[in-house]
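Working notes for the structure below.
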Amino acid sequence: MNRQSFSNRHMEEKWQSYWAKSRIFEAEIDASKKKFFVNFPYPYMNGYFHLGHTFSLMRVEVFARYKRMQGYNVLFPFAFHCTGTPIIAAAQRIAENEKAQIDILKQMGITTEEVPNFSDPIYWTSFFPKEAMQDLKNLGASIDWRRSFITTSLNPPYDAFIKWQFRKLKEGGYVIKGEHPVVWCSKCSSPVGDHGRLEGEGTTPEETYLIKFDFNGKVLPTATYRPETSFGVTNLWVNPEAGYVEAGVDNERWIISEDMVEKLRAQKHVVEIFRHLKGESMVGERCTNKVTGGQAPILPATFVKSDTGTGIVMSVPSHAPYDYAALKDAQENPRKYGVTSTLVEEIEPISLIKVPGYGAHPAIEIVEKMGIACQEDPRLEGATKEIYKKEFHTGILNENTGKYAGLKVFEAKEKIVSDFMGENKAVLFYELSEEVICRCLTKCIVKIVSDQWFLKYSDEEWKKRTHEALDNMILYPDKVRRQFDYVIDWLKDWACTREFGLGTTLPWDEKWVIESLSDSTVYMAYYAISRYLEDERYGIEATDSFFDYVFMGVGNDEKVARDAHVSVELLRKMRAEFEYWYPFDFRNSGKDLVQNHLAFCLFNHVALFPKAYWPLGIGVNGFIQIDGFKMSKSKGNFYTLRQIHDTYGADVTRLTLMYGGEGLDDPNWDTEFAKSIGSKLEQWRDFALENYGKGRTDIKYIDRWFSSVTNRAIKATLEMMDSTEFRTALQRGYFDLQRYLRWYLRRAGQNRELMDWFILTQTKILAPFVPHICEEIWEKLGGEGFISLAGYPTYDEDKIDDEIERGEEFAKGIIDDVKEILGIAKIRDGSTAYIYTAEDWKWKVLEIVGDKGIGDAMKEVMQEENLRKRGKEVSEFVKRMFSDRISVQRMNEGDVLRDAKDFIEGEVGLTVKVDADYDPQNKRRLSIPGRPSIYIA
RNA sequence: GCGGGGGUUGCCAAGUGGUUAAAGGCGCAGGGCUUAGGACCCUGUCACGAAGGUGUUCGCGGGUUCGACUCCCGUCCUCCGCACCA
């Protein structure tokens, strides 16, 4: 039922094909016009274009159409992102016949027969771009499709461009080599981000320390987040059931859990296994705490997990609830835990941190207080967190910590760590605080990726210049500026290469693939020339010197042209195109991209281009909601552009989105609005066609009013369009205008010239939002060419007339008042409304009072001879002025009412008499400026 | 926890010291037009009402002010981000 009618669809397709045929969105250099270059972050091609994309895109689209109508030469290109792992991983899952992945495709409308095609990642990169392009064409987007492309090595010219970009970055010192810890799946041999996880979202590698205990010349390493507590170790824990190994680690001999071997190797340790042993074989032995020199027995504990840390845990019962609970278990029931009672009896908790609100042994206190009975109690987790937090933030180290005594824990930690590491008592080790499971079901570990390449976003000088770029930009809305500034400061080095995935290989180290957020930072420049590079007929060989010439203006054009197999003319033309279009004027995305893509975009422009080519404007918006709820696949309210378009058609989809919201708030797709707005547009079309060229020629009062409010609305609309506040623009330029029109018609206004102007104005204002139906109107009205290229409305300040608008408001208020009186007083048989406007002297008082205080005002008023005569009446009026805060601008109320008399009479169904002498209830007395008194009889 | 947005009358939302019971849209109700209407037009939509009035509202609690949705303090809730990922 809500499905758009066939004729509408037909109409929209008609205009889309006219636009395509006339190539009006294919932007070419035109020196006579100012350019305006808008763009949109290319979407990732693992699915259809969805409604969230569409909202962000529509902001670009509406802005593009608006600027085009204002006479700018607008470039709006579009491309498709294929870099990274999701496509390749999904294709692999299809190849493996994974049901979940097949279902995802089927839900998108892919048929069973087509599914096998998707086992090839390359198929994705041709299928989805094609689909997205069609969807956007169906939406009526004013895109120059000649410039489209896909990313990755599948597209050699783009591949060459990215290689060029990275060589430039390297030359500039922006790419550095280093290492860093990542969450790693050894089966996939790749880092596993949140998207690729079944479990453990948000978990990142955390720094822990392996504290080394001496065990007869061998090392027993224990992992801890709290190296400072090694001063309070009473014993070690091992899991008697677990498997351990004795192994050569770097140049020492360690005993560690079997699981630890792989983890150590992943963190750049050399590990050679000598023998395997059970945990129980160590139980009862003693080792030496290298920090304190004290002895620590090795005790068994079931809470020790062999796949966490080293499988050996140092016990600090005074400050670690787990340790105390386990110690208590062992002491109370030594046989059960396989230890001799003499071994455990002698163990005394050692306090080393003073914490406000606790005694010497916080862990003991909390365990007892919570009534935790044994080491298997799940509440130990919470108790541990609580104690850790308290001790870290408020704890002070005891005298038994030697030179660290008296320091706060958080102050001492760094010192302790560096001292211990320097004295070979501890080693840094990354661990995951929670289990992370890769989508392939493998448990992830931390790997230190070495040989890794980074974009050096930590560079202070680079940050400074990026701030400078930001300072010179227009942000839509400006509110995001703080967030941008924050992000620029916060960004650290970004690992810009991957071992796996689609993309461009790092030119000087081909085993690496450039990571997907790093190959998408300055490609907007590539749009300037993509149509030549992407077209094989030109046969251009995209060398570095070619890009240097086009983007940097360096090199000898004849030599460059020869090397690139291109004519000098075309080469110069490409350079000219870049110089003409760049920098871009507006790029828009969702607010989630501020902290990565958009910030990277700024950084990289700053690194590669002179100031003149730094971005001019960036827009950011919230996330689409569907009838007030977040759009998500799991909620079942996830919509692709295609689904929405099929239901509502292009114009309704566009208008509903743009009326859904603006600024940083989440815009809302209002289904009820979408259902109702189509017929309103058709109504406008019918009205326009029916009324254009009709009407009287004389100018009446109400015509001047109509002209005034319309000009005022145009002015407001222009401001809103300029700041991309499209929702408010529609409010002013469409809904307000329609209200004015209704009132005008009700007031029997129908001046031909004015009405024609209004019809064109309204249609043009709507055109960026609903271009199809506006083209239709434009054509039928005999407009020249396309409305898409027609001039945007302008306003005439001289036509804006405050007084006339106030007068109309005044008259309208009178109608409302009369109606209200009729209703409340239940007057059925009234025939005449007597309206008494305020007498002159009241206006005079108003004038004299101005903005004076009540005392001065009274004094001054009474100095007037005429007023003093009225004494009491005047003083009462003055008092009332203050109590009711009366302030009205002068207006000839009588004239206004007399002019609108017929209308008012029609509206209220009474004869109207203005300022008649007849005043049986002495109502005139009550009139005040702006508020005539009324008597109905 | 840190940084940044928000919390307004059924819903979406405008409003940053007084002309605000608070724009507009949607929804809802009544009336008109009409064979009919989910199309269109008008009216109403916090409560009450005695001639155009009065009362109570803008997450919650305080404060400043003649006066606060609007300024200050506190508090609760919510959205986005906190990375190696699109």
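Here is the naming used below: chain letters follow the sequence lines, and residue numbers restart at 1 for every chain.
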Scan [X] against the nucleic acid and name what it touches under 4.0 Å (heavy atoms): base, sugar-phosphate only, or nothing.
{"X": "K630(A)", "answer": "sugar-phosphate"}
{"X": "T728(A)", "answer": "nothing"}
{"X": "L491(A)", "answer": "base"}
{"X": "Q683(A)", "answer": "sugar-phosphate"}
{"X": "R739(A)", "answer": "sugar-phosphate"}
{"X": "Q483(A)", "answer": "base"}
{"X": "Y659(A)", "answer": "base"}
{"X": "Q731(A)", "answer": "base"}

Round to the nearest Å and state the distance from [X] atom [atom1] to [N] atom [atom2].
{"X": "I835(A)", "N": "A51(B)", "atom1": "CD1", "atom2": "C1'", "answer": "14 Å"}
{"X": "D736(A)", "N": "A14(B)", "atom1": "CG", "atom2": "P", "answer": "15 Å"}
{"X": "E682(A)", "N": "C40(B)", "atom1": "CD", "atom2": "P", "answer": "10 Å"}
{"X": "Y740(A)", "N": "G24(B)", "atom1": "OH", "atom2": "P", "answer": "10 Å"}
{"X": "E662(A)", "N": "A14(B)", "atom1": "CD", "atom2": "P", "answer": "7 Å"}

According to the interplanar angle, ranging from 0 to 90°, do the rings of [X] and [Y] count as parallel (below 30°), tilted (30 to 60°) or perpendicular (above 60°)?
{"X": "Y486(A)", "Y": "W490(A)", "value": "parallel"}
{"X": "Y225(A)", "Y": "Y388(A)", "value": "tilted"}
{"X": "F78(A)", "Y": "F49(A)", "value": "perpendicular"}
{"X": "W743(A)", "Y": "F903(A)", "value": "perpendicular"}

What's the gap between [N] and [M] when it is taken at their [atom1] atoms, as a whole Å value?
{"N": "C58(B)", "M": "A21(B)", "atom1": "P", "value": "13 Å"}
{"N": "C11(B)", "M": "G81(B)", "atom1": "C1'", "value": "28 Å"}
{"N": "C40(B)", "M": "C72(B)", "atom1": "P", "value": "45 Å"}
{"N": "G25(B)", "M": "A39(B)", "atom1": "P", "value": "15 Å"}
{"N": "G5(B)", "M": "A14(B)", "atom1": "P", "value": "16 Å"}
{"N": "G38(B)", "M": "C26(B)", "atom1": "P", "value": "16 Å"}
{"N": "G24(B)", "M": "A13(B)", "atom1": "C1'", "value": "8 Å"}

Scan every strand shown for a Watson-Crick or G-U wobble partner of U65(B), both distances under 3.5 Å, and answer none if you come up empty.
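With both distances under 3.5 Å required, U65(B) matches none.
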Does K819(A) NZ have over 12 foreign heavy atoms under 6.0 Å away?
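Yes, because the 6.0 Å sphere around NZ of K819(A) holds more than 12 heavy atoms from other groups.
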Name the pairs: protein N/O against N/O of nucleotides 5-11 of chain B, kept only if under 3.5 Å.
unit_1	atom_1	unit_2	atom_2	d
G6(B)	OP1	K479(A)	NZ	2.0

Considering just the side-chain nitrogens and oxygens of [X], establish if one lies under 4.0 Å of OP1 or OP2 belonging to [N].
{"X": "S679(A)", "N": "C40(B)", "value": "yes"}
{"X": "R742(A)", "N": "C42(B)", "value": "yes"}
{"X": "R746(A)", "N": "G32(B)", "value": "no"}

Does any pair with a residue in residues 922-934 of chain A pass side-chain hydrogen bond (donor to acceptor under 3.5 Å, both in side chains), and if so which ones, sequence neighbours excluded?
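Sorted result for residues 922-934 of chain A: D817(A)-R931(A), E839(A)-S927(A), K842(A)-S927(A).
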According to salt bridge (charged side-chain N to carboxylate O under 4.0 Å, His left out), who are the partners of D451(A), at least two apart in sequence or on a separate chain?
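With neighbours one apart ignored, the set is K177(A), K511(A).
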Residue list, salt bridge (charged side-chain N to carboxylate O under 4.0 Å, His left out) with E391(A), at least two apart or on another chain
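R226(A).
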Strand-adjacent residues in residues 930-937 of chain A, judged by heavy atoms under 4.0 Å from RNA chain B:
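Per residue number, the list reads R931(A), P932(A), S933(A), I934(A), Y935(A), I936(A).
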Quick one: are the ring centres of F55(A) and F623(A) less than 6.0 Å apart?
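No; F623(A) has its ring centre 6.0 Å or more from that of F55(A).
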Below 6.0 angstrom between ring centroids: does that apply to F735(A) and Y659(A)?
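Under 6.0 Å, so yes.
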Under the side-chain hydrogen bond (donor to acceptor under 3.5 Å, both in side chains) test, residues paired with Y836(A) that sit two or more places apart
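Expected list: none.
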